[in-house]
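Every heavy atom of this structure was used, including side-chain atoms; hydrogens, water molecules and symmetry mates were not.
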Amino acid sequence: MINVTFVCLGNICRSPMAELVFKDIVEKRSLALSFNISSCATSSYEVGNPIYPPAARELEKHGIYGKHRSRQITKSDILNNDYVLVMDSNNLMDVLRLTGGEHGHKIFKLCSFTDNPRDVADPWYTGDFEKAFNDVYDGCNAFLEYLLKEKKQAFDYDKRH
Ligand code: 4NP
């Protein structure tokens, strides 16, 4: 089982988009049994709130639907996940502050797996939900390709079931 959590500032735009996009990708590739996928916020600003409607509409344009409530990251999220995938450098600093600099080997910027490492700009501020979706989609695909190439044995679970 590969445990993955996606992290952004509010957990109502980018990280729930990434959670639902990645769930969709692994389901379509019949790899869902190998994963436990979640998302959370570095802040408490939006705790309990659903996906921001423009982000939900962007997902729906791509046939992706899902229920979600924002929650704030805790140290358990770091301990219980193999990969903590943040959207930007601010998220990275906030998560490292929470861990006191430990567990850095689990923490990656999502788009660091792509050929064009970059932040996923926050659509809460930019208003560009299409760009956020495209960056998240690119990052999620690149992350899965990385796992398939570098962590092949982690997918045994799907082969056995
Ligand atoms: P997200 O976007 O980090 O992609 O979920 C944000 C959503 C809400 C806020 C900031 C960023 N906020 O300040 O409430």
Side-chain angles (χ1 to χ4, degrees), residues 1-26 32 34-56 58-59 64 66-151 154:
M1 184 66 75
I2 306 166
N3 299 289
V4 185
T5 194
F6 295 95
V7 182
C8 65
L9 176 59
N11 191 219
I12 59 167
C13 298
R14 294 165 296 171
S15 62
M17 286 173 106
E19 175 185 345
L20 294 174
V21 163
F22 195 61
K23 282 179 174 168
D24 188 62
I25 290 171
V26 300
S34 289
F35 286 96
N36 181 27
I37 304 163
S38 64
S39 66
C40 51
T42 55
S43 76
S44 60
Y45 303 155
E46 299 286 346
V47 167
N49 288 338
I51 303 183
Y52 191 47
E58 187 62 37
L59 289 169
I64 299 173
K67 279 209 178 310
H68 174 75
R69 295 278 163 194
S70 171
R71 66 179 190 87
Q72 189 173 17
I73 193 169
T74 66
K75 283 188 181 167
S76 308
D77 289 298
I78 314 282
L79 293 175
N80 296 335
N81 279 284
D82 305 300
Y83 294 93
V84 177
L85 301 181
V86 303
M87 301 297 135
D88 63 30
S89 301
N90 288 330
N91 305 153
L92 187 64
M93 297 303 282
D94 288 340
V95 172
L96 285 172
R97 204 171 292 129
L98 177 71
T99 66
E102 287 186 48
H103 308 291
H105 65 286
K106 297 181 175 187
I107 307 166
F108 300 85
K109 286 206 278 186
L110 176 60
C111 286
S112 69
F113 295 97
T114 73
D115 294 335
N116 174 22
R118 61 202 185 272
D119 285 356
V120 180
D122 195 339
W124 179 263
Y125 300 109
T126 66
D128 196 339
F129 289 85
E130 188 175 7
K131 182 170 191 322
F133 178 91
N134 288 337
D135 286 345
V136 158
Y137 186 79
D138 192 23
C140 284
N141 276 299
F143 174 56
L144 182 59
E145 290 314 314
Y146 161 81
L147 294 176
L148 287 166
K149 200 168 159 211
E150 306 291 340
K151 309 281 173 188

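- A donor atom on one side chain and an acceptor atom on the other are found under 3.5 Å apart for Ser89 and Lys109.
- The line from CG of Leu98 to NE2 of His103 is 9.5 Å long, rounded to the nearest 0.5 Å.
- If you check the side chains of Asn91 and Asp94, you find no donor sitting under 3.5 Å from an acceptor.
- Residue Tyr146 places its OH atom among more than 12 non-hydrogen atoms of other residues, nucleotides or ligands, all under 6.0 Å distant.
- Considering His68, Arg71, Arg69 as possible partners of Asn11, the one that fulfils the side chain to side chain donor-acceptor pair (under 3.5 Å) test is His68.
- Not a single donor-acceptor pair under 3.5 Å links the side chain of Glu58 to the backbone N or O of Phe133.
- Between Leu144 and Ile25, the closest side-chain pair of non-hydrogen atoms falls below 4.5 Å.
- Counting non-hydrogen atoms of neighbouring residues, nucleotides and ligands closer than 6.0 angstrom, the CG atom of Asp115 reaches no more than 12 such neighbours.
- Although no hydrogens or angles enter the test, the distance criterion places no donor-acceptor pair under 3.5 Å between the side chain of Asp88 and the main chain of Asp119.
- Between Val86 and Phe108, every side-chain heavy-atom pair lies at or beyond the 4.5 Å cut-off.
- To the nearest 0.5 Å, atom CG of residue Asn3 and atom OG of residue Ser38 are 8.0 Å apart.
- The nearest pair of heavy atoms linking Ser15 to Cys8 is OG-SG, 3.0 Å.
- A donor-acceptor contact shorter than 3.5 Å links the side chain of Asn141 to the backbone of Tyr137.
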side-chain contact (heavy atoms from CB on, under 4.5 Å) between Thr42 and Gln72, intermediate numbers included:
CA-CA 6 Å; Thr42 55; Gln72 189 173 17; over 6 Å; no
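- Between the CG atom in Asn116 and the CG atom in Asp138 there is a gap of 7.5 Å [rounded to 0.5 Å].
- No side-chain donor-acceptor contact under 3.5 Å links Lys131 to the backbone of Val120.
- Using a 4.5 Å cut-off on side-chain heavy atoms (C-beta onward), Leu9 and Tyr125 make contact.
- Contact between Pro117 and Ser112 at its shortest, heavy atoms only, is CB-CA, 4.1 Å.
- The side-chain heavy atoms of Asp77 and Val84, taken from C-beta on, include no pair separated by under 4.5 Å.
- If you check the side chains of Ser76 and Asn80, you find no donor sitting under 3.5 Å from an acceptor.
- In this structure the side chain of Ile51 never reaches within 4.5 angstrom of the side chain of Ile12, judged on heavy atoms.
- The CG atom of Leu20 sits 10.0 Å away from atom CZ of Phe6, with the distance rounded to the nearest 0.5 Å.
- The backbone N or O of Pro123 sits nowhere less than 3.5 Å from a side-chain atom of Asp128 that would complete a donor-acceptor pair.
- A distance-only check finds a donor-acceptor pair linking the side chain of Lys106 to the backbone of Asn81 [under 3.5 Å].
- Less than 6.0 angstrom separates the ring centroid of Tyr83 from the ring centroid of Phe143.
- Considering only heavy atoms from C-beta on, Leu92 comes within 4.5 Å of Leu96 through its side chain.
- The heavy-atom pair separating Ala132 from Ala121 by the smallest distance is CB-O, 4.3 Å.
- For Arg118 and Asp135, the salt-bridge test passes: some basic side-chain N is under 4.0 Å from an acidic carboxylate O.
- A donor-acceptor pair under 3.5 Å links the side-chain atoms of Asp122 to the main chain of Trp124, judged by distance alone.
- Side-chain contact annotation: Glu19 with Ser39, donor-acceptor N/O pair under 3.5 Å present.
- Between Ile2 and Leu147, the closest side-chain pair of non-hydrogen atoms falls below 4.5 Å.
- Taking CG of Leu85 as the reference point, atom CZ of Phe22 lies at 8.0 Å (rounded to 0.5 Å).
- Across all non-hydrogen atoms, the minimal contact from Ala18 to Val136 is CA-CG1, 3.4 Å.
- Val95 has its side chain within reach of Ile78: a pair of non-hydrogen atoms, C-beta onward, lies under 4.5 Å apart.
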